[in-house]
Amino acid sequence: MSKLLIVESPSKAKTINKYLGGDFNVLASYGHVRDLLPKSGAINTDSFEMEYALIDRNKKYLDAIITAAKKSDEIYLATDPDREGEAISWHIVEILKSKKISAEQKIIKRVIFEEITKDAIQQAITKPRDVSMSLVNAQQARRALDYLVGFNLSPLLWKKIRRGLSAGRVQSPALRLICEREAEIQKFESKEYWSIHLEATKKSSQFSSKLIQLNNEKVEQFTITSEKDQEQIVGDLLLKSSGKCRVGRVDKKKRTRNPAPPFTTSTLQQEAVRKLGFTTSRTMRIAQQLYEGISLAEGTVGLITYMRTDSFSLSNEALGQIRNYIKTTYDENYLPSNSIGYKTKSKNAQEAHEAIRPTDIQRVPAKIKQFLTPEQFKLYEIIWKRAIACQMTPAQFDAVSIDLEVGKGESIFRANGQTLRFPGFMALYIEGDDDKENDDADDKKIPDLEIGEELSVKKIYGSQHFTEPPPRYSEASLVKTLEEYGIGRPSTYASIISTLQDREYVLLDKKRFTPTDVGIVVNKFLTEHFDKYVDYEFTANLESDLDEIAADTKEWVPILKNFWQDFNQQISDKENIDRAAITQEDINESCPKCGQALFSRLGRRGKFIGCSGYPDCDYTRNVNEEDGANEPQVIFHDQETDKDVLLLRGPYGPYLQIGVPEEDSKTKPKRVSIPPNIPISSVNEQVAKQLMSLPLALGDYPETGKPIVANIGRFGPYVSHDGKFKSIPKADNIFDITFDRAVELVAELIEKNKPLRVIGADTNTSEDIEVLKGRWGPYLQRGKAKAPLSQKYDYEKITLEEAMQIIEAKLEREKASKKKKKK
């Protein structure tokens with residue numbers, strides 16, 4: 001009996017194929033097979049019927065699935081275990097129906113496995129089910145909402161701000177978070193305050209304490225606000241102390257710290273940002289590799305469970321493995337009497353998968369390190385450690401709090417300290433923290449003291465502080481905040497962040513997000529005119545609606561109708577907004593050239609100052625610059641060339657240049673563009689040296705032996721290989737890009753440029769004629785000669801003779817054109 005199993009990715013298909021018998025044919029859909037028509041009208045906003053079209057790039061894979069399905073008796077849909085995977089399975093079923101392949105003729109079933117191991121896959125095959133339409137409808141509803149927002153709001157942004165911009169149902173609230181944080185930082189006024197400290201000694205032990213009560217009054221943050229005040233207070237306290245202080249209170253307690261739960265998608269992304277320096281998209285890409293299968297000595301195997309989940313639960317089998325490992329590796333004090341359960345945050349029971357964990361705890365990271373890339377090893381190691389640590393006993397501390405009295409007890413200093421008594425889970429793993437500094441005071445060693453005991457005062461001193469603005473969002477803290485607000489879902493966080501960077505709405509500078517001028521203007525427009533749709537609560541409620549659709553407790557079409565009715569009216573109401581009111585702002589300054597008002601305006605590379613009298617007056621200058629201040633800026637002096645490295649601005653944006661052109665020299669000085677994702681304000685000597693070091697040789701591509709080079713061009717950072725170029729995604733930093741990541745990008749480049757078909761060797765030149773994918777459709781290539789393939793030809797059926805004629809005709813036209821130009 002012939003059986004067909006369909007998965008999403010080819011690497012997963014390769015792994016699974018080794019686990020199933022010869023009866024099975026395992027094929028990949030290469031992700032989604034259908035999507036909404038890429039034009040207006042794909043959704044009927046009266047009935048909310050949706051018109052889908054096949055995705056061209058996956059057509060040949062779908063054709064292979066259809067051919068195999070016709071020959072198979074049983075068809076198993078094993079796409080990913082989430083809403084997107086459920087929808088892909090449904091689309092495949094619908095396509096098979098259109099080809100007269102239906103469940104009436106064959107067994108067509110959905111199977112789910114959350115880990116790619118032999119047992120999990122074989123068990124899944126024995127427990128098939130039908131496609132869940134509630135999950136499919138939740139995905140259709142999400143896709144429809146995103147489509148309606150993007151297709152109707154984005155064109156409005158083009159009209160009112162500039163072309164190429166986009167707005168998204170989830171990305172826009174995320175942009176709002178970043179812009180609001182930036183506004184807080186800009187408005188923030190730093191305030192000075194002082195803390196007073198006393199260092200006490202007992203024999204050879206010394207420890208520090210902080211003033212909490214002064215002359216019987218509680219000391220607040222702004223009780224002492226100047227150096228003069230602190231000098232007066234320190235002087236008074238020194239006089240009152242006479243070199244001595246008394247112990248007024250001793251409070252000893254036992255404290256425990258519990259382990260963190262196993263990883264969910266969002267906590268894995270946060271921890272990988274904090275501990276490993278990975279971006280969210282990089283984290284998900286590596287996790288996908290670990291899930292789909294790594295080639296080990298025992299064969300290809302999936303190392304972790306499915307990486308898109310918001311559940312903390314672990315299977316009984318996994319808990320048994322973990323507890324056994326702890327029991328055999330550590331002493332009995334590290335193993336709790338019972339397994340530890342963690343409450344899941346998931347609102348949708350149908351998607352309450354397991355947490356992210358190793359598929360086999362016995363695959364200790366160090367033992368399989370040789371089979372993993374450095375990135376894969378780092379991510380697998382923290383997943384493995386976290387899964388074990390979550391089932392270990394708490395850490396135990398001896399905590400002590402001491403009050404020291406000065407004078408007659410009217411002034412009190414307090415010291416806190418703790419000593420680790422038993423490490424528990426901390427022997428293996430400690431969770432990272434974001435936006436918090438370690439409080440060294442909590443780890444102070446404080447000697448054993450008794451109430452009434454007198455200690456020597458070594459010194460009393462003041463320490464100056466300034467209040468600081470809230471920190472800009474890192475990827476970790478942004479993901480955490482999105483999750484807290486209920487904006488998006490685990491599977492969407494990485495794409496939200498990537499979209500904001502791709503649209504150049506935000507920059508990731510020193511691992512913190514800063515909104516660009518464009519991002520600020522877009523956010524201003526959306527919050528002023530579409531406030532409801534970037535409102536955090538509204539977005540979260542819509543996510544809850546999608547969860548309820550998935551749980552089959554709400555109908556999807558009424559939710560879409562309610563959304564569209566209000567949204568469509570809002571779009572209509574805003575058609576006549578004055579563009580100038582959005583993109584420019586009066587700065588209350590007169591033009592030095594003509595005397596008319598100056599405005600802050602949004603240009604191609606951000607904001608600039610321009611005259612309201614344009615085009616009659618062409619006065620402009622950069623924001624935050626005085627008139628005439630746009631002169632070359634010396635960044636540093638290059639010892640090797642004995643020339644200054646200058647920052648200049650040209651028609652295509654800012655750039656660096658070594659020295660200035662010599663009058664009689666034909667040699668131009670070396671220049672390098674500053675890419676948009678590097679703020680000009682951050683270009684210091686270190687950044688400039690990195691930029692001037694380009695291009696970077698990253699190594700040779702394993703399959704060709706030809707070099708991979710990283711560089712920055714007019715359109716941004718890229719890697720090149722064998723004369724072809726691939727843009728480096730904005731989520732990656734050109735200076736941090738690893739050889740393994742470069743190999744991935746080149747592999748994508750090669751796949752993209754792989755011929756659709758090799759027709760044969762041209763009988764005149766002996767060169768192969770190939771059909772390649774182009775931006776505007778298939779085209780023919782013979783050596784350096786290229787010719788578009790018109791729609792009347794099917795590239796799979798075109799003959800060698802026809803292809804030769806098309807190329808020769810193209811070359812003749814080019815010759816004739818050149819002759820015309822010469823005349």
Side-chain angles (χ1 to χ4, degrees), residues 32-56 83-84 86-88 90-91 93-95 97-98 132-161 163-173 175 487-489 492 495-496 499 503 522 525-535 537-577:
H32 282 272
V33 292
R34 292 198 308 185
D35 196 5
L36 290 170
L37 281 174
K39 63 179 183 180
S40 182
I43 299 176
N44 181 326
T45 50
D46 292 325
S47 62
F48 283 90
E49 291 176 358
M50 298 160 76
E51 193 172 347
Y52 290 102
L54 298 180
I55 296 172
D56 286 340
R83 295 176 196 173
E84 294 294 321
E86 202 73 23
I88 292 169
W90 175 73
H91 282 295
V93 170
E94 292 298 298
I95 292 165
K97 279 182 187 175
S98 71
S132 168
M133 285 312 298
S134 57
L135 292 179
V136 172
N137 290 338
Q139 189 275 341
Q140 286 197 97
R142 179 184 293 280
R143 183 69 190 94
L145 288 167
D146 292 343
Y147 181 94
L148 291 170
V149 171
F151 226 100
N152 292 279
L153 191 48
S154 296
L156 194 59
L157 292 179
W158 301 352
K159 292 178 194 173
K160 304 304 177 184
I161 303 175
R163 289 193 68 79
L165 300 179
S166 75
R169 184 182 59 82
V170 180
Q171 84 186 41
S172 298
L175 174 62
I487 298 169
R489 280 294 176 263
T492 63
S495 63
I496 290 168
T499 301
R503 297 283 181 250
V522 168
F525 172 73
L526 294 175
T527 51
E528 285 182 2
H529 301 288
F530 290 88
D531 182 56
K532 175 181 176 180
Y533 302 99
V534 290
D535 177 75
E537 190 175 348
F538 175 82
T539 307
N541 288 339
L542 211 47
E543 289 291 350
S544 296
D545 286 339
L546 294 173
D547 287 345
E548 291 191 57
I549 294 167
D552 205 17
T553 57
K554 272 191 178 179
E555 293 292 323
W556 66 296
V557 172
I559 288 170
L560 291 180
K561 282 184 177 177
N562 288 338
F563 175 88
W564 175 247
Q565 188 174 356
D566 293 341
F567 182 69
N568 187 41
Q569 185 60 51
Q570 190 88 338
I571 292 284
S572 301
D573 292 345
K574 301 299 178 180
E575 282 288 345
N576 298 319
I577 300 170

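Because the structure is a prediction, the values reported are computed rather than measured. Residue numbers run from 1 in the order of the sequence given.
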Which distance, rounded to the nearest 0.5 Å, do you find between the [atom1] of [X] and the [atom2] of [Y]?
X      : Y      : atom1 : atom2 : value
Ile549 : Lys554 : CD1   : NZ    : 8.0 Å
Leu526 : Ile161 : CG    : CD1   : 7.0 Å
Asn568 : Thr45  : CG    : OG1   : 7.0 Å
Leu153 : Ile571 : CG    : CD1   : 4.5 Å
Asp35  : Asp56  : CG    : CG    : 11.5 Å
His91  : Ile55  : NE2   : CD1   : 8.5 Å

| Matching residue for Thr527 among Val534, Asp535, Leu175 - test: side-chain contact (heavy atoms from CB on, under 4.5 Å) |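 Checked Val534, Asp535, Leu175 against Thr527; only one passes side-chain contact (heavy atoms from CB on, under 4.5 Å): Val534.
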
Minimum heavy-atom distance [X]-[Y], with the two atoms named:
X      : Y      : answer
Leu546 : Ala138 : O-CB, 3.6 Å
Ile43  : Tyr147 : CD1-CD2, 3.6 Å
Ser154 : Ala167 : OG-N, 3.2 Å
Phe525 : Leu157 : CD2-CD2, 3.3 Å
Ser166 : Arg503 : OG-NE, 2.5 Å
Leu37  : Ala53  : CD2-CB, 3.4 Å

Excluding sequence neighbours, so at least two apart, what forms side-chain contact (heavy atoms from CB on, under 4.5 Å) with [X]?
X      : value
Lys574 : Leu156, His529, Phe530, Gln570, Ile577
Glu555 : Pro558
Ser47  : Asn44, Glu49

| message | Check this for me: Glu537, atom CD, are more than 12 non-hydrogen atoms of other residues, nucleotides or ligands nearer than 6.0 Å? | response |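 Count not over threshold, so no.
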
| request: Take atom CD of Gln565 as the centre, draw a 6.0 Å sphere, and report whether it contains more than 12 heavy atoms from other residues, nucleotides or ligands. | output: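 Result for CD/Gln565: open.
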
| Within-4.5 Å side-chain heavy-atom neighbours: Gln140 and Trp90 |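 Contact flag for Gln140/Trp90 side chains = yes.
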
| query | Just wondering, do Gln139 and Ile88 contact through their side chains at under 4.5 Å, heavy atoms? | reply |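 No, too far: nothing below the 4.5 Å cut-off.
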
| message | side chain to side chain contact (heavy atoms under 4.5 Å, CB included) for Thr539 and Leu542? Distances and angles first, verdict last. | response | CA-CA 5 Å; Thr539 307; Leu542 211 47; 5.7 Å; no

| field | Counterpart residues, side-chain hydrogen bond (donor to acceptor under 3.5 Å, both in side chains), relative to Asp566 (two or more places apart) | value |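 Partners of Asp566 under the side-chain hydrogen bond (donor to acceptor under 3.5 Å, both in side chains) test: Lys532.
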
| Set of residues satisfying side-chain hydrogen bond (donor to acceptor under 3.5 Å, both in side chains) with respect to Asp146, sequence neighbours excluded |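 Scan of Asp146 (side-chain hydrogen bond (donor to acceptor under 3.5 Å, both in side chains), adjacent residues dropped) gives Arg169.
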
| request: Using a strict cut-off of less than 4.0 Å between a Lys/Arg side-chain nitrogen and an Asp/Glu carboxylate oxygen, indicate whether Arg83 and Glu86 qualify as a salt bridge. | output: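 Result for this pair is no, no salt bridge flagged.
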
| field | Listed partners of Phe563 passing ring-ring contact (aromatic ring centres under 6.0 Å, His included), at least two apart | value |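 Applying ring-ring contact (aromatic ring centres under 6.0 Å, His included) to Phe563 gives Tyr533, Phe567.
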
| message | Run the side chain to side chain contact (heavy atoms under 4.5 Å, CB included) test on Ile95 and Tyr52 for me, step by step, so that the C-alpha distance in whole Å, both residues' side-chain angles and the decisive distance to 0.1 Å come before the verdict. | response | CA-CA 11 Å; Ile95 292 165; Tyr52 290 102; over 6 Å; no

| request: Mark yes or no: Arg142 above the aromatic ring of Trp556, with NZ or CZ under 6.0 Å from the six-membered ring centre and no more than 45 degrees from the axis. | output: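 Judged by the rule, Arg142 and Trp556 form no cation-pi pair.
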
| query | Do Phe48 and Ile559 pass the side chain to side chain contact (heavy atoms under 4.5 Å, CB included) test, and can you show the C-alpha distance, the side-chain angles, and the key distance before you say yes or no? | reply | CA-CA 11 Å; Phe48 283 90; Ile559 288 170; over 6 Å; no

| message | Treating Thr553 as the side-chain partner and Glu548 as the backbone partner, does any N or O pair qualify as donor plus acceptor under 3.5 Å? | response |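 Answer holds: yes.
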
